[in-house]
Asker: 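Pasting in a structure now, in structure tokens, and then I'll have a few things to ask.
What you see below is based on every heavy atom in this structure, not just the backbone, and it leaves out hydrogens, waters and symmetry mates. Everything numeric in this text was worked out from a predicted model, so none of it was measured. First the proteins, then the strands, lettered A, B, ... as listed; each starts at 1.
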2 protein chains.
Amino acid sequence: MEVYKGEKKRSFLENHSIAHLFSFPIEAFMEVHEYQRDEWIINEGMRPDFLFYVMEGKAKIYVTHQNGKVSLINFINANDYIGEMELLNDVYYTKGIQASTKTICFAIPFHRYRPQLLDDAKFLRELTKFLSVKATLMAAKYSQSLAFPLENRLADFILQTADEGIYKEKHVTVCDYLGVSYRHLLHVLTQFCDKNYLQKDGRNYQIKQYHSLCELAGVLKNK
Amino acid sequence: MEVYKGEKKRSFLENHSIAHLFSFPIEAFMEVHEYQRDEWIINEGMRPDFLFYVMEGKAKIYVTHQNGKVSLINFINANDYIGEMELLNDVYYTKGIQASTKTICFAIPFHRYRPQLLDDAKFLRELTKFLSVKATLMAAKYSQSLAFPLENRLADFILQTADEGIYKEKHVTVCDYLGVSYRHLLHVLTQFCDKNYLQKDGRNYQIKQYHSLCELAGVLKNK
DNA sequence: AGAATAATATGAGATATCTCATGTTTTGAG
DNA sequence: CTCAAAACATGAGATATCTCATATTATTCT
């Protein structure tokens, strides 16, 4: 992890302002942090000291269960907050956050700004929207995971993540995200190939029948 | 559904103020609604016109999937908001909300108060906390549902809902909530009885071995 | 380059959970 | 009180998903 200093910090701030998110000046004690791929932005179980706002990059939220299973709860992208749960709640089990690409965030120290943040309608309004989307998404994932087999959820995931007709997510990551065993994921993927929805090409899968996948994914959506 | 009027409304407002939740006067256009058990406070798919604040009673959030399965996403209790998603998001699939006991809510009309609500730090701060808890809870339920079999989740649910050592939830409701089939729920319940964790007594189940259930439920929790 | 580690693959048997079928009991509306 | 609907109950067979064991590549580190 690198904390931007001096000129590097100054120029970054100049080119990437988040002043519009607050109704008070926040730059004085704000830091800029850069994380490398696979680096942990927050360690599971350890309360962070900052509210982060992701400027650039991608990350993943993980939680480890007592039985050793790991859940990839969600992905984090640019313009998302990290650490907002700890800002708001004194008691909270902190999830682990791992960068999946180089990630640059603004880091706003709690001890300097908490009171002002919690009193700033502009900031709170955006955070509220962010949380409402997060809650909705979680509720959707939750109910879908119980109501539909992997076949449907995987089809949806493939369509969401495929780039130019090519699906190439790491199986291990997908298992944690969709909450199924590696074995079963491969099994369903093989079925998709057998049915010619996908065609395996080395480590990638090429989408051959969009409409079939859409059909499978479609039943997840209400309306 | 009954909308309190005149003296009934006045006296209710007098005894149950929520003025402390806002930094501006809200009573002018606020209504008081009373719903009977099983009545729908919000119909699935239909945007409500009010932000509700539950004063008294209990309700359930439901969503119906295309395959006909119904998920009971969560329970709502006193001091919870309803309709906050619609207040914040212009596009949102509205879930159904059904009263499970007589429920009295304050109903704040969007068209009168939306701008002021979205600009009120006091209100937003509380709503933000409410949503953060909701999102956290959903994330927990989601990851648990994928990481643990019914046995563990049911043990947790029994401990949470049992009253004086007696568990007496309706099976049908529990199936929707835990996302399993009726058949399977009964099967695991029977196992619990076979192992003498529970003892069936008519339609109720008496907890016989707290520690065994605690142990099963315990593995859900991190730390 | 070589060794260690992570990711991919596949088989086979176990189990958690579902579907369907059917019957009984309870509850609520008229 | 009566009837229909809802909830409870149970059996049996299907299937979605898991665990474990074992190989085979890729990647990363030194």
Asker: Can a side chain N or O of A:Lys200 be found less than 4.0 Å away from OP1 or OP2 on C:dA9?
Answerer: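 A:Lys200 to C:dA9 OP1/OP2: side-chain N or O found under 4.0 Å.
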Asker: Could you pull out every donor-acceptor pair under 3.5 Å between side chains of residues 209-218 of chain B and any protein atom, sequence neighbours left out?
Answerer:
| from | atom 1 | to | atom 2 | distance (Å) |
| --- | --- | --- | --- | --- |
| B:Gln209 | NE2 | B:Ser212 | OG | 2.6 |

Asker: In whole angstrom, what separates B:His171's NE2 from C:dT27's P?
Answerer: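 Atom NE2 in B:His171 sits about 13 Å away from atom P in C:dT27.
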Asker: Between B:Glu169 (CD) and D:dA7 (C1'), how many Å, whole number?
Answerer: 14 Å
Asker: Which atom pairs link the protein and nucleotides 12-22 of chain C when you take only N or O atoms and keep those under 3.5 Å?
Answerer:
| from | atom 1 | to | atom 2 | distance (Å) |
| --- | --- | --- | --- | --- |
| C:dT17 | OP1 | B:Leu150 | N | 3.2 |
| C:dT17 | OP2 | B:Leu150 | N | 3.1 |
| C:dT17 | OP2 | B:His184 | NE2 | 2.8 |
| C:dT17 | O5' | B:His184 | NE2 | 3.2 |
| C:dC18 | OP2 | B:Ser181 | N | 2.7 |
| C:dC18 | OP2 | B:Ser181 | OG | 3.0 |

Asker: Less than 3.5 Å apart, which donor and acceptor atoms pair up between the side chains of residues 159-166 of chain A and the rest of the protein, not counting sequence neighbours?
Answerer:
| from | atom 1 | to | atom 2 | distance (Å) |
| --- | --- | --- | --- | --- |
| A:Gln160 | NE2 | A:Asp156 | OD2 | 3.0 |
| A:Thr161 | OG1 | A:Phe157 | O | 2.8 |

Asker: Quantified as the angle between the terminal helix axes (five pairs each), what is the overall bend of the helix from C:dA1-D:dT30 to C:dG30-D:dC1 to 10 degrees?
Answerer: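 The angle separating the two end axes equals 70°.
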Asker: Quick one: B:Asn204 CG to D:dA9 P, roughly how many Å, whole number?
Answerer: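 Nearest whole value for this atom pair: 10 Å.
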Asker: State which residues pass ring pair (Phe, Tyr, Trp, His ring centres under 6.0 Å) with B:Phe106; sequence neighbours excluded, sorted by chain then number.
Answerer: B:Phe12
Asker: Extract all donor-acceptor atom pairs below 3.5 Å that involve side chains of residues 176-183 of chain A and protein atoms in other chains or at least two apart in sequence.
Answerer:
| from | atom 1 | to | atom 2 | distance (Å) |
| --- | --- | --- | --- | --- |
| A:Ser181 | OG | A:His184 | N | 3.2 |

Asker: Does NZ in B:Lys58 sit with more than 12 non-hydrogen atoms of other residues, nucleotides or ligands closer than 6.0 Å?
Answerer: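 No.
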Asker: Is the closest side-chain heavy-atom distance between B:Lys95 and B:Tyr92 below 4.5 Å?
Answerer: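 They are in contact (side-chain heavy atoms under 4.5 Å apart), so the answer is yes.
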Asker: What integer distance in Å separates B:Arg37:CZ from D:dA6:P?
Answerer: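 Going from B:Arg37 (CZ) to D:dA6 (P), I get 14 Å.
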Asker: Applying salt bridge (Lys or Arg N to Asp or Glu O under 4.0 Å), can you list everything that pairs with A:Lys8, at least two apart in sequence or on another chain?
Answerer: A:Glu2
Asker: Grab the N/O contacts between the protein and nucleotides 22-25 of chain D below 3.5 Å, and write none if there aren't any.
Answerer:
none

Asker: When you get a sec, tell me which of C:dA7, C:dA9, D:dC8 is the closest nucleotide to the side chain of A:Val172?
Answerer: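 Comparing C:dA7, C:dA9, D:dC8 against the side chain of A:Val172, the answer is C:dA7.
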Asker: Examine D:dA6: is either OP1 or OP2 under 4.0 Å from a nitrogen or oxygen in the side chain of B:Lys170? Give yes or no.
Answerer: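 False: B:Lys170 side-chain N/O out of range (4.0 Å or more) of D:dA6 OP1/OP2.
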Asker: Indicate every side-chain donor-acceptor pair of residues 190-198 of chain B with a distance under 3.5 Å to a residue at least two apart or in another chain.
Answerer:
| from | atom 1 | to | atom 2 | distance (Å) |
| --- | --- | --- | --- | --- |
| B:Thr190 | OG1 | B:Leu186 | O | 2.7 |
| B:Lys195 | NZ | B:Glu151 | OE2 | 3.2 |

Asker: Residues in side-chain contact (heavy atoms from CB on, under 4.5 Å) with A:Pro149, at least two apart?
Answerer: A:Asn152
Asker: Who are the salt bridge (Lys or Arg N to Asp or Glu O under 4.0 Å) partners of B:Glu14, not counting sequence neighbours?
Answerer: B:Arg10
Asker: Got a list of side-chain donor-acceptor pairs under 3.5 Å for residues 69-89 of chain A, not counting sequence neighbours?
Answerer:
| from | atom 1 | to | atom 2 | distance (Å) |
| --- | --- | --- | --- | --- |
| A:Ser71 | OG | A:His65 | NE2 | 3.1 |
| A:Asn79 | OD1 | A:Tyr53 | OH | 3.1 |
| A:Asp80 | OD2 | A:Asn77 | N | 2.9 |
| A:Glu84 | OE2 | A:Lys134 | NZ | 2.8 |
| A:Glu86 | OE2 | A:Thr94 | OG1 | 2.9 |
| A:Asn89 | OD1 | B:Ser132 | OG | 2.9 |

